[in-house]
Participant: 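To start, I am sharing the structure in question, which I have written as structure tokens.
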2 protein chains.
Amino acid sequence: MIHDRPTAASQTPHPCGQCQFYEGSVWTPIEPGSVSVLAGRFHRRELEADQVLFEQGDANQGVFCVSRGLIALRTHHADGTSTLLKLAYPGEVIGFRSFLDNGNHKTEARALIPSRVCTVARRDAERVVRASPGVLARLAARCVDEIDRNQARIIATATTSNKERLADTLMELIERHGEVDGEVIRARLPLSRKDLADLIGVPPETLSRLIGRLGKEGFFAFSGREVRIPAEGVRTA
Amino acid sequence: MIHDRPTAASQTPHPCGQCQFYEGSVWTPIEPGSVSVLAGRFHRRELEADQVLFEQGDANQGVFCVSRGLIALRTHHADGTSTLLKLAYPGEVIGFRSFLDNGNHKTEARALIPSRVCTVARRDAERVVRASPGVLARLAARCVDEIDRNQARIIATATTSNKERLADTLMELIERHGEVDGEVIRARLPLSRKDLADLIGVPPETLSRLIGRLGKEGFFAFSGREVRIPAEGVRTA
DNA sequence: GCTTGTCATTGACGATCATCAAAACAGAAC
DNA sequence: GTTCTGTTTTGATGATCGTCAATGACAAGC
């Protein structure tokens with residue numbers, strides 16, 4: 001059924017940890033060299049920081065689920081510049097678009113920190129999708145979620161100031177990457193200034209000034225890629 | 001198969017004209033009062049300008065495909081204001097998100113001009129999706145397309161000036177709603193200034209000034225909701 | 001050590017923009 | 001016609017923003 005709530009089966013921990021590409025199907029990991037004859041098979045891949053999962057323009061080889069770490073999706077423009085489009089956290093599915101239309105990847109996917117992805121080869125993905133429509137429905141639901149998030153972001157970009165957007169983005173990042181350290185929460189941002197600037201949609205110079213202003217106002221304290229905020233900042237947020 | 005190109009069957013004109021919710025399934029129109037026992041059934045609904053298709057918060061009753069006209073999707077905020085999120089042109093599917101998660105509509109859908117939608121009731125939609133995975137795949141593909149468009153819009157909002165964005169948006173609208181009239185192309189914009197302002201993400205006052213500037217520059221000529229551009233404008237665009 | 005390259009910050013400037021308030025306008029009802 | 005309503009435009013102002021250029025920080029390589 002298309003609107004299934006998670007069933008007992010789908011709540012069973014999937015071998016790859018976070019993978020969405022799963023609905024009670026039979027799965028077996030593929031260690032390099034081994035072959036599986038089962039319905040679905042997947043392959044864990046570890047990525048170091050800055051390692052590329054796929055390049056922009058590569059033919060789609062399948063679907064990827066982030067199970068650990070953080071993947072950046074970037075587009076490279078004709079003039080040599082590039083733009084960070086999206087951060088993919090564990091649980092996110094990557095490559096679904098080019099999987100559906102059997103086309104090429106429109107973005108580059110690159111690990112920002114050491115990461116693990118669960119890769120499902122094209123053929124297997126197709127087989128599982130055909131066998132379990134619920135998987136496709138869940139993937140579709142994720143797409144719809146992403147549409148929602150993007151629309152929220154469009155509204156935010158249009159209606160809020162750059163400073164607000166930066167503060168929001170920082171809080172999100174701190175929530176994911178921060179650790180409580182006594183009276184403060186420390187987070188090492190997994191992004192360069194350029195990437196962070198892309199994320200909130202300003203040029204790097206403007207970001208730098210915003211960071212300066214935000215630092216002066218006292219709530220955030222920056223030093224390089226590290227940010228600190230008061231520990232009660234999260235609870236009240 | 002998930003990446004099917006349109007087949008002969010799916011290219012057969014669907015009775016409702018533009019509906020995507022179709023893949024060789026058996027369809028029959030439901031005239032008010034009649035009942036169908038076939039796999040899929042749909043109902044044409046005509047909307048006058050400004051008539052509401054569904055309200056924000058309504059429980060999802062099914063999926064809608066625009067077959068003629070233009071539907072505006074708006075969110076109403078807590079403070080009483082509202083924001084135009086998206087224009088749905090013929091061929092677009094509406095309500096898919098709340099269909100998937102069986103939730104409530106997060107937006108209001110309202111016809112901007114006289115329109116026709118093909119409505120597919122929840123139960124029927126579920127049945128067809130279960131029977132024809134290809135339909136779901138195509139719907140998913142549309143979602144993915146929408147993600148692409150939204151991302152393009154996010155980049156555009158972040159990197160281009162308001163004036164550029166207005167000009168682009170106007171050209172799109174003229175392309176859809178314009179008619180050649182001798183040396184010029186005339187288009188009656190189907191949007192209020194407020195909606196147009198939402199679409200490009202500026203307050204109405206700013207939009208008004210932008211329109212003023214654009215008019216002075218000579219390419220676009222405005223009078224109320226009507227726009228005129230030189231006829232060769234489209235060919236060279 | 002020095003150079004080189006990359007990335008981040010700062011400075012200066014002009015253009016753009018949002019906001020508030022007021023005026024002009026259009027359309028509907030009478 | 002007149003009045004009323006809601007929308008659109010205009011005006012004035014100050015803040016924000018993007019751009020170009022210069023500077024600073026820092027690591028890698030010779």
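Protein chains get the first letters and strands the later ones, always in sequence-line order, with residue 1 at the start of each.
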Participant: Can you tell me if Arg122(A) uses its side chain to pair, donor with acceptor, with the backbone of Phe99(A) under 3.5 Å?
Facilitator: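 Yes, because the side chain of Arg122(A) sits within donor-acceptor range (under 3.5 Å) of the backbone of Phe99(A).
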Participant: Taking any atom closer than 4.0 angstrom to a non-hydrogen atom of chain A, what span of DNA chain D does the protein reach, first nucleotide to last?
Facilitator: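 Extent of the interface on DNA chain D: dT16(D) to dC20(D).
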Participant: Under the rule for side-chain contact (heavy atoms from CB on, under 4.5 Å), what residues qualify as partners of Glu172(B), not counting sequence neighbours?
Facilitator: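 Result, side-chain contact (heavy atoms from CB on, under 4.5 Å) vs Glu172(B): none returned.
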Participant: Can you list everything that forms a side-chain contact (heavy atoms from CB on, under 4.5 Å) with Ala111(A)? Sequence neighbours excluded, please.
Facilitator: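 With neighbours one apart ignored, the set is Leu47(A), Ile71(A), Ser115(A).
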Participant: Is the closest basic N to carboxylate O distance between Arg228(B) and Asp181(B) below 4.0 Å?
Facilitator: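 So Arg228(B) does not pair with Asp181(B) through a salt bridge.
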Participant: Please, which pairs that meet salt bridge (charged side-chain N to carboxylate O under 4.0 Å, His left out) have at least one residue in residues 198-210 of chain A, sequence neighbours excluded?
Facilitator: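 Of all non-adjacent pairs touching residues 198-210 of chain A, those that pass salt bridge (charged side-chain N to carboxylate O under 4.0 Å, His left out) are Lys194(A)-Asp198(A).
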Participant: For Arg97(B), give me all partners under side-chain hydrogen bond (donor to acceptor under 3.5 Å, both in side chains), at least two apart in sequence or on another chain.
Facilitator: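 Here the qualifying residues are Asp145(A), Asp148(A), Asp101(B).
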Participant: Restricting to side-chain hydrogen bond (donor to acceptor under 3.5 Å, both in side chains), what partner residues turn up for Ser82(B), sequence neighbours left out?
Facilitator: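 Result, side-chain hydrogen bond (donor to acceptor under 3.5 Å, both in side chains) vs Ser82(B): none returned.
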Participant: With sequence neighbours left out, what residues match Thr107(B) under side-chain contact (heavy atoms from CB on, under 4.5 Å)?
Facilitator: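 Thr107(B) satisfies side-chain contact (heavy atoms from CB on, under 4.5 Å) with Phe54(B), Leu73(B), Thr75(B), Leu85(B) only.
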Participant: Please round to 10 degrees the angle between the axis of the first five pairs and the axis of the last five pairs in the helix from dG1(C)-dC30(D) to dC30(C)-dG1(D).
Facilitator: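 Taking the rotation axis at each end, their angle is 30°.
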Participant: List, one per line, each side-chain donor-acceptor pair under 3.5 Å for residues 210-227 of chain B, sequence neighbours excluded.
Facilitator:
{"residue": "Glu217(B)", "atom": "OE2", "partner": "Lys163(B)", "partner atom": "NZ", "Å": "2.6"}
{"residue": "Arg225(B)", "atom": "NE", "partner": "Leu191(B)", "partner atom": "O", "Å": "3.4"}
{"residue": "Glu226(B)", "atom": "OE2", "partner": "Arg186(B)", "partner atom": "NH1", "Å": "3.1"}

Participant: What contact category does Arg225(A) fall into here, base, sugar-phosphate, or nothing, at under 4.0 angstrom with non-hydrogen atoms?
Facilitator: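 If one applies the 4.0 Å heavy-atom cut-off, Arg225(A) turns out to touch nothing in the nucleic acid.
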Participant: So, taking the atom named CD1 in Ile200(B) and the one named OG1 in Thr160(B), what distance separates them when rounded to the nearest 0.5 Å?
Facilitator: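 So the CD1 of Ile200(B) and the OG1 of Thr160(B) are separated by 9.5 Å.
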Participant: Can you list, in residue-number order, the parts of residues 193-207 of chain B that come under 4.0 Å of DNA chain C, counting heavy atoms only?
Facilitator: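 Per residue number, the list reads Pro203(B), Glu205(B), Thr206(B).
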Participant: From the 5' end of DNA chain C to its 3' end, which nucleotides mark the outer limits of contact with chain A, defined by a 4.0 Å heavy-atom distance cut-off (strictly under)?
Facilitator: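 Terminal contacting nucleotides, 5' to 3': dA8(C) to dA12(C).
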Participant: Can you sort out the partners of Ala49(B) under side-chain contact (heavy atoms from CB on, under 4.5 Å), two or more places apart, ordered by chain and number?
Facilitator: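 Ala49(B) satisfies side-chain contact (heavy atoms from CB on, under 4.5 Å) with Pro114(B) only.
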Participant: Measuring from Leu70(B):CG to Arg176(B):CZ, what's the distance to the nearest 0.5 Å?
Facilitator: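 One finds 8.5 Å between CG of Leu70(B) and CZ of Arg176(B).
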